[in-house]
Amino acid sequence: MAEPLLRLEGIGKSFGPVTVLEGITLDIAQGEVLGVLGENGAGKSTLLKIISGIYTPSTGRILIDGQPFAALDPIGARRLGIAMIPQEFNLVASLKVYENVFLGQELRRGGFLDHARMREQTRKLLDSLEVHLDPNQTIERLSVAQKQMVEVARVLVNDARIVILDEPTTVLTSHETAVLFRVVKALVARGVTVLFISHKLKEVRELCDRLLILRDGQLVEHCAVAGMNEEAMARKMVGRELSRIFPDKPEAPVTRGTPALEVRGLCLTNVLHDIDFAVHRGEVLGLAGLVGAGRTEIAETLMGLRRRSAGEILVDGEPVAFTSPRQAHARGLAYLSEDRQGKGLQLSFNVMQNVTDLSLARYVRGLIRHGQERRRAEEYQARLSIKAAHLTAPVGLLSGGNQQKVYFAKLLDIEPEILLLDEPTRGIDISAKQQIYRLIRELTAQGKAVVVISSELEEIIGLADRTLVIRQGRVAATLEGDDINEECIMLYAAGAWEAGTEPATAHEPSQGARP
Amino acid sequence: MSPLSQRTTPLAQRFRNLPISGAILAPLLALIVLFVISSLASEYFLNTRNLSNVLRQVSYTGIIAIGMTFVIIAGGIDLSVGSMLALVGVVVLYVLNTITDPFQAVILAMLAALVGGALLGLFNGLLVTRGRIAAFVVTLATMSIFRSLALYFTDAAEVSTRNPLFQGVGGGFVLGLPIPVWTFFALAVVSHVVLFHTAYGRHVCAVGANAQVARYSGIRVERVVLSTFLIAGVCVGLSAIMLTSRLNSVSPSDAGYFFELDAIAAVVIGGTALSGGRGTVWGTVIGALILGIINNMLNLTGVSPYLQGLVKGAVILLAVLLQYKRAP
């Protein structure tokens, strides 16, 4: 075997007394796709930041093409062809695609920018990736997936040899993910090495040649992907036998009666059309569908964040008309946004302040009773096992999983009866996921009604008692029992099946006949 | 880890036990150091009359700075406060000179100041919330409008009053301290309680930290923003009462000149983030005191008045630099 492109020898990293990475030794060959797995806090990001020169390792050395480096710096790493595509893109929104691709290394002719040549090269590059994108488009008009492709093109202009993709599929639909995978394969065909970080084990199995699993800062597995199934991967990551990730669904069907929440003919101009559904107490209703199908909009309309154009919303059989989330909270509705950092938590606030964000009025007797706030936060800390050094530290310093738990605590503190959970486990590790799934089942066991919006089919299948498939702002199907499977959901979500035209199934038609 | 930060850790922990939050520790230390230096630099500094004068000077801008603290924490800014003070001052003098009964005149003039300030603040706030114009732009425009109105109503001439009672308001003393100083400290205590111990205060911080999160949490974001401008306006009204009654007159061109700068500077020196979301009233009080003492010290030591702006500017830059160092 030829010299490895990248070799790590005994790489370790400590922050003060805390060791986050220890004794990592591995070789990475040219043209290999290496999946990097690990729970949040396992040391994945630290390792990648060392490779891309952002962090200096405390111990060990890095060899590139056999040449040793004690430490890289970001500029040096880029010069050696190491490029990272971060989760949050670094694109200038007001500039065009080709201007972003060549940002910082613009082509010039006689002192002036050579727009024609940059445009042409960008087009060639995108064509070679089989991405159809106009180099003249402005970045702000692109979808998330298209922006990602611009980042990839930018990396290629730099003649990158090692490309690091940090959870690239979190924000993509399954179709867009397929496009990304094709692009990754095109990169590999050019001899580029790809490091692929993901929480989605299935994707890792599909895309990667080799696998690196980290746990508590140590390398626990470095092997070929072939022959490893997802369960084995998960077990290695967690380091113990995983009891089933999803708790059992209740066997007896939920007693019918007045639904906790019912929606009739809900419309939102140009977004939602004639949505009908009901959720009962003790039930988990899944809302499946592609990104952009209108699921988040349904939840936001229910909460009074958007003004519906037609239809009725009933809580415990009574019609309601919320114009603000405040009113929805008062009637027992709580909404967990998919955008935890942008819409969910005040990152600069501490744990206590976030927990009581919705319920603050309960802690006020003239003035806020801070002691009571603290005690309540401590209760949630114990109940949801939130790992935080101080309750007074800003929530932004916590890991994603712990932030999500704080977000749940914030909702639970108004003792909601109906929970609308939008991507409740986005970007968090597997044990935190498991805890949240258990929590959801505990809530339904207490008689709450839960709506789970999720783009992860596994999550819908594992959690939902009933599932609505949403497509282009309409209910494409209502699935129950064994019908909640990957095939059914995808066929409805992608529009291959239409409600009523599919092979006969037992459930009621979801589209009520309306005059 | 630098050795410095390791050395300061136990000290910081010791301070955590004191009823002082870490955020105002730095400005407080700066104030103490400044106080010591000033008392060494000039023998007149510790003179009771001098200290009383410094406090009085500080309270006019300090009162406004407290209102500004609310605006800035909620993510806004108010550049119009200085001009607003002149306009409100003109209104105060107008009311004083139209009503014959001196006692009634004083009461109504004070009321007019508070209501007038509130209305002007409301005007700013409505343009920001309903008009969806950036606070900087709105208040830059109203800064010009308010000053212009004050000049127009008075033909740019100083207006004074012969009301025998009015001067007692801003010129009077209670327990040896000028009334404006008492007003300033009382306002600070009330504002601190509002900001840290009421739901309203929490909402102000939430709106400034992330308005979107606040909206999703059911906070009426626009109403909160509007209210901060209203508070700033009322504070300007209060300051206008103190200032005009002390002088028994108002000069439409000089009154409140550059007060917006002093108020914003006090807020920033006090450790409140200009980007909003966090800040303290005590920090602002300390910031105002720091500015006041610097001014006084420069006067006492005979530094050219033309250089005082330079020192003030340098202190602002230093405070902001330190802030950015602290928040990575």
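Naming: A, B, ... by sequence-line order, numbering from 1 per chain.
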Take A/Leu411 and A/Tyr335, measure what side chain to side chain contact (heavy atoms under 4.5 Å, CB included) needs, and give me the verdict at the end. CA-CA 7 Å; A/Leu411 300 192; A/Tyr335 171 54; over 6 Å; no
How close do B/Pro27 and B/Ile290 get, counting heavy atoms only, and between which atoms? O-CD1, 3.7 Å
Please classify the contact between A/Gln341 and chain B as side chain, backbone, both or neither, with a heavy-atom cut-off of under 4.5 Å. backbone
Parallel, tilted or perpendicular: which describes the rings of B/Trp282 and B/His192, with under 30° parallel and over 60° perpendicular? tilted
Between A/Gly304, A/Ser337, A/Ser324, A/Gly344, which shows the greatest number of heavy-atom pairs under 4.5 Å with chain B? A/Gly344
Heavy atoms, side chains only, cut-off 4.5 Å: are B/Ile32 and B/Leu28 in contact? yes
Minimum heavy-atom distance A/Leu268-A/Arg308, with the two atoms named: CD1-CA, 4.1 Å
Write down the atom of B/Ser59, the atom of B/Phe184, and the distance for their closest heavy-atom approach. CB-CB, 3.6 Å
Near A/Arg369 CZ, under 6.0 Å, is it more than 12 heavy atoms from other residues, nucleotides or ligands? yes
Can you say whether A/Leu345 sits under 4.5 Å from chain B via the side chain, the backbone, both, or neither, judging by heavy atoms? backbone
Side chain from CB out, backbone as N, CA, C, O: work out which of these in A/Leu305 comes under 4.5 Å of a heavy atom of chain B, or both, or neither. both
What residues of residues 213-234 of chain B make heavy-atom contacts with chain A at a cutoff under 4.5 angstrom? B/Val213, B/Ala214, B/Arg215, B/Tyr216, B/Ser217, B/Gly218, B/Ile219, B/Arg220
Taking every non-hydrogen atom, the tightest pair across A/Pro394 and A/Ser348: CB-O, 4.0 Å
Heavy-atom pairs under 4.5 Å with chain A are the metric here; pick the option from B/Ala211, B/Gly277, B/Cys205 that has the most. B/Cys205
For atom OH of B/Tyr200, is the number of surrounding heavy atoms from other residues, nucleotides or ligands below 6.0 Å larger than 12? yes
Against the six-membered ring of A/Tyr55, is A/Lys13 placed for a cation-pi contact (under 6.0 Å from the centre, within 45° of the normal)? yes
Residues A/Gln381 and A/Leu391: closest non-hydrogen pair is OE1-CD2, 3.7 Å
Given a strict heavy-atom distance threshold of 4.5 Å, which part of A/Tyr363 is in contact with chain B: side chain, backbone, both, or neither? neither
Could you pull out the closest heavy-atom pair between B/Ala266 and B/Leu291, with the gap in Å? N-CD1, 3.8 Å
At under 4.5 Å between heavy atoms, what parts of residues 62-79 of chain B are in contact with chain A? List them by residue number. none
